[in-house]
Amino acid sequence: MPEESSERSNFIRDIIIQDIESGKHSGRVQTRFPPEPNGYLHIGHAKAICLDFGLAAEFGGKCNLRFDDTNPSKEETEYVDAIMEDVKWLGFQWDGLFYASDYFEQLYEWAVQLIKAGKAYVCDLTADEIREYRGTLTEPGKESPYRNRPIEESVDLFERMKKGEFPDGSRTLRAKIDMASPNLNFRDPVMYRILHMDHHRTGDQWCIYPMYDYAHGQSDSIEQVTHSICTLEFDNNRPLYNWFIEQLGIFPSQQFEFDRLSITFTLLSKRKLLTLVQEGHVSGWDDPRMPTLTGMRRRGYTPEAIRNFCANIGVSKTNGVTQLSHLEYFLREDLNKHAARVMAVLRPLRVVIDNYPDDVVEEMDAVNNPQDESAGSRKVPFSKVLYIEQEDFREDPPKQFYRLSPGREVRLRYGYLITCTSVVKDADGNIVELHCTYDPETRGGNTPDGRKVKSTIHWVSEAHAVDAEVRLYNNLFTKEDPNEVEEGQDFTSNLNPDSLEVLTGCKAEPFLLDTVPGTRYQFERIGYFCVDRDSTPGKPVFNRTIGLRDTWARIEQRENK
RNA sequence: UGGGAGGUCGUCUAAUGGUAAGACUGCGGACUCUGAAUCCGUCUAUCGGGGUUCAACUCCCUGCCUCCCAGCCA
């Protein structure tokens, strides 16, 4: 019996609990995650993965990874490899590793069996004709003229289809069910089509390939899957899923449907993501703006954050849209706990501390992670000339701005308290440098006299600064629903032109000189960043994973309205 | 239009005939060497109309709305 879990339940979990209690399948739980290797996994798949693997794990069951590779025209090994990597990265390990193509021989034999039982026939109608004969939502279809051809003839034709005697599209094997069924899936669905095309695993061994409906349920059955969890749009396919299993009299796997994940400002359709890649709107499947797991990984998402998110949003049958902010909450929550703090200045403004000695360098103690004492501390060099963030200074500060401005004192984090004494401008009136004085009594940022400073800002010593490139990412789409478009337009018209901003000449503390790609940091007061694989020795590149919550930006925005 | 699946705070999810709850968001405050985090407070919901019942989000009837299905895709 499963332990009482603090995890929130959902209707599928409840069903499993009931099945276990009633002794169904002797309490055995077997699930599977069945991606088609025709694209990369995205956050929507993560929800399914968490369910399939999570439920199996919770109830002492098993979960297989099975590639649904029945359509060689779209599938590639590149995707197979990427999918396995992503599943592992998310934190799951499959029990069995299978492919629908493992079952091609068995599926073929069962098809022959169905033909011989008068439940399937070879049809010579063209694709267009099949469509015409299918009828419409409101009108019943017509029976194919080949529907009642002799069984032996279908057996023979099907065998010759397999042998490659007929061209693509010339014939199909169809189940003989009911052309008048209100469920269109029952109107003699195609089971096999002819496709003279190499398959990523079986090569040229086959030139007929099973359709999803004919392959999926039987694959589940072969693997003794007890709970076959899929998304809502397969609801209409469930009766057919059951029909094949019943006709064949094989292990009765059962299908359960849950709501697919959708997120605001995000597209979760493999087809459309492929378009973004192919048309060059993004740099690839792992572009940090992509909702793919590989893209999110490069962006700096943690598997924990994604898993927590999936657990929190729940599972139901309601077609809803989850807000991006919900995902971002779990991202920040996890990063806050684990990311080491460092100081980096994105848009540098030079500061000269006039009363600080010219050649002195002090090593200041800085805490690595206030949320995690075990993370320890490090030394940060302090000297006469520093960089601060441009937006941390205002010559003419608005009311609620309490960072640096002429005559005002602020704290340099872990450094000293400084007061701005003068502003240097270029010929065009742009601020190029600040002059300040420091209070020697405030070393480390402490105030022995107990005086309060309203603001603490980050900084980097000019002489010790590491030059860095920083890539700032924003939503890939400008609309909450990227599919909401003007007549004649497609989703690409909603692409955000400002989804990527590249900053060069950023200044980071020396700690970041030799950092490893994939490492995540919090740049204090700015956000969370992840070292990109484009980094070169001495020249790190950072991806902004997500900004810190920015109350000041919100205030300022409100005031400007 | 035939069939199927759904409709609870702005969003996501609970409540399975018995006080409509939680998370996210928003707003307000406390605290702060990150305008972060944390803490506290707070706004807002059962699609409409009938019925059954001591009692209805839950059961019944009815209407409305949304999503899915007419691939030799999955």
Side-chain angles (χ1 to χ4, degrees), chain A residues 8-11 14 34-36 38 68 70-71 73-74 123 125-127 130-132 134-141 168-174 181-187 189-195 208-209 211-213 215-216 230-239 257 259 261 264 270-271 309 312-330 332-333 336-337 341 343 367 370-371 400-403 410-415 417 442 444-447 452-458 522-527 547-555:
Chain A
R8 220 170 56 206
S9 200
N10 59 65
F11 76 98
D14 292 342
E36 182 188 11
N38 67 342
D68 226 333
T70 57
N71 183 0
S73 71
K74 293 183 175 176
C123 182
L125 253 27
T126 64
I130 286 183
R131 190 179 315 119
E132 285 166 27
R134 186 156 32 225
T136 68
L137 292 178
T138 50
E139 297 160 313
D168 287 2
S170 58
R171 288 178 224 268
T172 57
L173 180 72
R174 300 177 68 182
S181 172
N183 183 339
L184 304 208
N185 290 313
F186 269 33
R187 321 249 262 227
V190 172
M191 294 164 61
Y192 273 91
R193 73 282 216 186
I194 301 174
L195 255 180
I208 56 171
Y209 291 94
M211 299 287 291
Y212 167 85
D213 283 308
H216 201 95
C230 66
T231 43
L232 247 28
E233 68 271 24
F234 290 100
D235 209 302
N236 297 312
N237 300 63
R238 175 157 33 90
E257 310 86 17
D259 60 327
L261 174 67
T264 54
K270 273 201 256 181
R271 204 203 92 230
F309 167 73
N312 182 277
I313 54 172
V315 179
S316 73
K317 289 175 87 89
T318 318
N319 257 314
V321 184
T322 298
Q323 292 179 335
L324 219 210
S325 58
H326 208 143
L327 207 210
E328 292 176 336
Y329 170 83
F330 287 96
R332 289 195 182 99
E333 181 194 57
N336 177 48
K337 277 189 277 198
R341 272 61 170 171
M343 291 197 285
V367 174
Q371 310 289 324
Q400 297 181 75
F401 183 91
Y402 48 75
R403 272 111 93 149
V410 298
R411 172 188 292 110
L412 293 177
R413 183 129 161 108
Y414 303 124
L417 268 58
T442 60
N446 303 305
T447 51
K452 300 282 182 198
V453 272
K454 194 72 175 143
S455 184
T456 298
I457 65 176
H458 60 279
Q522 183 197 95
F523 288 0
E524 294 221 30
R525 304 207 310 126
I526 303 176
L548 250 29
R549 212 173 245 105
D550 192 344
T551 305
W552 163 242
R554 203 167 299 168
I555 293 170

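To find a chain, count down the sequence lines: A is the first, B the second, and so on, and within it residues start at 1.
At a cut-off of 3.5 angstrom, the base of B:rG6 holds no donor-acceptor pair with the side chain of A:D259. Contact annotation: side chain of A:D235 to base of B:rC68, donor-acceptor pair absent below 3.5 Å.
Dashed line: the shortest gap from a side-chain N or O of A:S325 to OP1 or OP2 of B:rC24 is not under 4.0 Å. When the side-chain nitrogen and oxygen atoms of A:T126 are compared with OP1 and OP2 of B:rC72, none of them lie within a distance under 4.0 Å. OP1 or OP2 of B:rC72 sits under 4.0 Å from a side-chain N or O of A:R134. Taking side-chain N and O atoms only, A:R554 has a distance below 4.0 Å to OP1 or OP2 of B:rC27. Phosphate proximity of B:rG71 to A:R131: present, with a side-chain N or O under 4.0 Å from OP1 or OP2. Contact annotation: A:R525 reaches the phosphate of B:rG35 (side-chain N/O to OP1 or OP2, under 4.0 Å). Side-chain N/O atoms of A:R271 include none lying less than 4.0 angstrom from OP1 or OP2 on B:rA74. Distances shorter than 4.0 Å separate none of the side-chain N or O atoms of A:Y212 from OP1 or OP2 on B:rC73. For A:R549, a side-chain nitrogen or oxygen approaches OP1 or OP2 of B:rA37 to under 4.0 Å. Within the structure, a side-chain polar atom (N or O) of A:R193 is placed less than 4.0 Å from OP1 or OP2 of B:rA74. Side-chain nitrogen and oxygen atoms of A:S455 include none within less than 4.0 Å of the OP1 or OP2 phosphate oxygen of B:rG35.
In this structure, of B:rG4, B:rA74, B:rC24, it is B:rC24 that holds the atom nearest to the side chain of A:Q323. Of the candidate nucleotides B:rC68, B:rA36, B:rG10, B:rC68 has the atom lying nearest to any side-chain atom of A:E233. Nearest nucleotide to the side chain of A:P182, out of B:rU13, B:rG3, B:rU34: B:rG3. Distances were taken from every side-chain heavy atom of A:R413 (C-beta onward) to each of B:rA23, B:rU34, B:rG35; the shortest belongs to B:rU34. Residue A:W552 places its side chain closer to B:rG35 than to any other of B:rG2, B:rG35, B:rG22. For A:L548, the listed nucleotide lying nearest its side chain is B:rU34; candidates were B:rA14, B:rU34, B:rA5. The side chain of A:S316 lies closest to B:rA14 when the candidates are B:rA14, B:rA74, B:rC68. The listed nucleotides are B:rC72, B:rU16, B:rC24; the one nearest the side chain of A:M211 is B:rC72. Side-chain proximity of A:T136 to B:rA70, B:rU1, B:rA74: nearest is B:rA70. Each of B:rC73, B:rG2, B:rU25 was ranked by its minimum atom distance to the side chain of A:L137; first place goes to B:rG2.
Judged by Watson-Crick or G-U wobble contacts below 3.5 Å, the nucleotide B:rG2 has B:rC69 as its partner. Base-pair partner of B:rG41: B:rC27 (Watson-Crick or G-U wobble, both distances under 3.5 Å). In a base pair of the Watson-Crick type (N1 to N3 plus N6-O4 or O6-N4) or a G-U wobble (N1-O2 and O6-N3), with each distance short of 3.5 Å, B:rU32 is matched with no nucleotide. Pairing for B:rU58 is absent, judged as Watson-Crick or G-U wobble with the two contacts each under 3.5 Å.
Judged by distance alone, the side chain of A:T318 and the main-chain N or O of A:G320 form no donor-acceptor pair under 3.5 Å.
B:rA36 and B:rU46 have their P atoms separated by 34 Å, with the value rounded to a whole Å. For the C1' atom pair drawn from B:rG50 and B:rC43, the interatomic distance equals 33 Å after rounding to whole Å. When the C1' atom is compared between B:rC68 and B:rU52, the two are found 33 Å apart, to the nearest whole Å. Nucleotides B:rC73 and B:rG7, compared at atom C1', are 30 Å apart to the nearest Å. B:rC47 sits 16 Å from B:rC67 when the C1' atoms are compared, rounded to a whole Å. Using C1' as the reference atom, B:rG17 and B:rC59 are 8 Å apart when rounded to the nearest Å.
Between the C1' atom of B:rG3 and the CZ atom of A:R238 lies a distance of 13 Å, rounded to the nearest Å. Distance A:N185 CG to B:rA74 C1': 12 Å, rounded to the nearest Å. Whole-Å rounding puts the A:Y192 OH to B:rG71 P distance at 22 Å. Nucleotide B:rA23 holds its P atom 9 Å from the CG atom of A:N312, rounded to whole Å. A:L125 places its CG atom 14 Å from the P atom of B:rG71, with the value rounded to the nearest Å. The distance between atom CD of A:E328 and atom C1' of B:rU11, rounded to the nearest whole Å, is 14 Å. Across the protein-nucleic acid pair, A:N237 atom CG and B:rA5 atom P stand 14 Å apart, rounded to whole Å. A straight line from NZ of A:K454 to P of B:rA36 spans 11 Å, rounded to a whole angstrom.
For the pair A:I130/A:R174, a side-chain contact is recorded, criterion being any heavy-atom separation below 4.5 Å from C-beta on.
Counting any heavy atom pair closer than 4.0 Å across all strands shown, A:Q522 reaches a base atom. Within the nucleic acid shown, A:N183 has no heavy atom closer than 4.0 Å to any nucleic acid atom. Heavy atoms of A:G169 sit under 4.0 angstrom from at least one base atom. Within 4.0 Å (heavy atoms only), A:T551 reaches sugar-phosphate atoms of the nucleic acid but no base atom. Within 4.0 Å of A:F401, counting heavy atoms only, lies at least one base atom of the nucleic acid. Base contact: A:D14 has a heavy atom under 4.0 Å from a base atom. When heavy atoms are screened at a 4.0 angstrom cut-off, A:V315 is found touching the sugar-phosphate backbone but no base atom.
Here the CG atom belonging to A:L173 is positioned 4.5 Å from the CE atom belonging to A:M191, to the nearest 0.5 angstrom. Atom CG of A:L184 and atom CZ of A:F186 lie 11.5 Å apart (nearest 0.5 Å). To the nearest 0.5 angstrom, A:I194 atom CD1 is 8.0 Å from A:T172 atom OG1. Atom NE2 of residue A:H458 and atom OH of residue A:Y414 lie 13.0 Å apart, to the nearest 0.5 angstrom.
Nearest-nucleotide positions on RNA chain B for A:A127 and A:L327 put A:L327 closer to the 5' end. Summary of the strand contacts: A:I555 and A:E36 both lie near RNA chain B, and taking for each the nucleotide with the nearest heavy atom, the more 5' one is attributed to A:I555.
Under the stacking definition used here (centres under 5.5 Å, planes under 30°), the residue A:Y402 qualifies as stacked on the base of B:rG35.
Side-chain atoms of A:N185 and A:N236 form no donor-acceptor pair, as typed in the model, at a separation below 3.5 Å.
Aromatic ring orientation, A:F330 versus A:H326: parallel (interplanar angle below 30°, classes split at 30° and 60°).
For B:rG51, the base is anti relative to its sugar; the glycosidic angle deviates from 0 by more than 90°.
For A:K454, the NZ atom is loosely surrounded, since the number of other residues' heavy atoms within 6.0 Å does not exceed 12.
Using a 4.0 Å cut-off between charged side-chain N and carboxylate O, A:E36 and A:K74 make no salt bridge.
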